Amino acid sequence: MTTYHARVLDAETGGEGRYTFEGPADLFKETPARIVRAFMDHVFTDILPTEKNDWELNAALKNPEREVVTAMGAFHFANRAPSPFLIMISSKG
């Protein structure tokens with residue numbers, strides 16, 4: 001397993017979160033959407049496991065040379081309007 005880093009910017013609140021998560025060493029051979037899913041699986045398993053939340057992905061781009069994925073989408077929290085986000089995922093700290 002390899003440690004990956006994610007920075008999440010919340011457009012609604014202006015908040016920023018920095019997270020680390022574990023994934024397979026060859027994660028960046030996957031599509032950008034699958035890399036984002038690996039992070040979201042971590043979020044909804046380890047960070048928000050009891051919440052009834054969901055998310056949608058609107059766009060994801062991968063820079064394979066730098067091993068960075070940039071993604072845009074929205075969190076869907078119970079009883080709230082969707083909250084847009086920007087995520088950057090990297091294999092480097």
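Because the structure is predicted, anything quoted here is derived from the model rather than measured.
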Exercise for the section: Quick one: pull up CE in M40 and CD1 in I47 and give me the separation to the nearest 0.5 Å. Expected result: 10.0 Å
Practice task
Scan side-chain atoms only and decide if T2 and E22 contain a donor-acceptor pair under the 3.5 Å cut-off.
Solution key: no
Exercise for the section: Work out which heavy atom in A60 is nearest to a heavy atom in A33; give both atom names and the distance. Expected result: CB-N, 4.4 Å
Practice task
Rounded to the nearest 0.5 Å, what's the gap from OG on S91 to CG on D26? Could you check?
Solution key: 12.0 Å
Handout entry: Closest non-hydrogen atom pair between N58 and G73, with its separation
Key = OD1-CA, 3.1 Å
Practice task
Check for a donor-acceptor pair, side chain of N63 on one end and backbone N or O of R66 on the other, with a separation under 3.5 Å.
Solution key: yes
Exercise for the section: Determine the minimum heavy-atom distance between F44 and N53, stating which atoms define it. Expected result: CE2-CB, 3.3 Å
Completion exercise
Residues passing the side-chain contact (heavy atoms from CB on, under 4.5 Å) test with D10, sequence neighbours excluded, are E12, T13, S83
Handout entry: Nearest heavy-atom neighbours spanning F28 and V68
Key = CE2-N, 3.5 Å
Handout entry: Any side-chain heavy-atom pair of E16 and R7 under 4.5 Å
Key = yes
Exercise for the section: Examine distances only and state if a side-chain atom of K62 and a backbone atom of E30 form a donor-acceptor pair shorter than 3.5 Å. Expected result: yes
Problem - Connected via hydrophobic side-chain network under 4.5 Å: Y19 and F75 - result: yes
Exercise for the section: Determine whether V8 and I89 fall in the same hydrophobic cluster, where Ile, Leu, Val, Met, Phe, Trp and Tyr are linked whenever their side-chain heavy atoms lie under 4.5 Å apart. Expected result: yes
Handout entry: Heavy-atom pair with the smallest gap, counting every atom of D41 and T45
Key = O-OG1, 2.7 Å
Practice task
Rounded to the nearest 0.5 Å, what's the gap from CG on D46 to CZ on F21? Could you check?
Solution key: 11.0 Å
Problem - Transitive ILVMFWY side-chain link W55 to M72, under 4.5 Å - result: no
Practice task
Heavy atoms only: give me the nearest P24-M1 pair and the separation to one decimal.
Solution key: N-SD, 4.2 Å
Handout entry: Point-to-point distance, once rounded to the nearest 0.5 Å, from CG of L27 to CD1 of I35
Key = 5.0 Å
Problem - ILVMFWY cluster, V69 and L57 together (side-chain gap under 4.5 Å) - result: yes
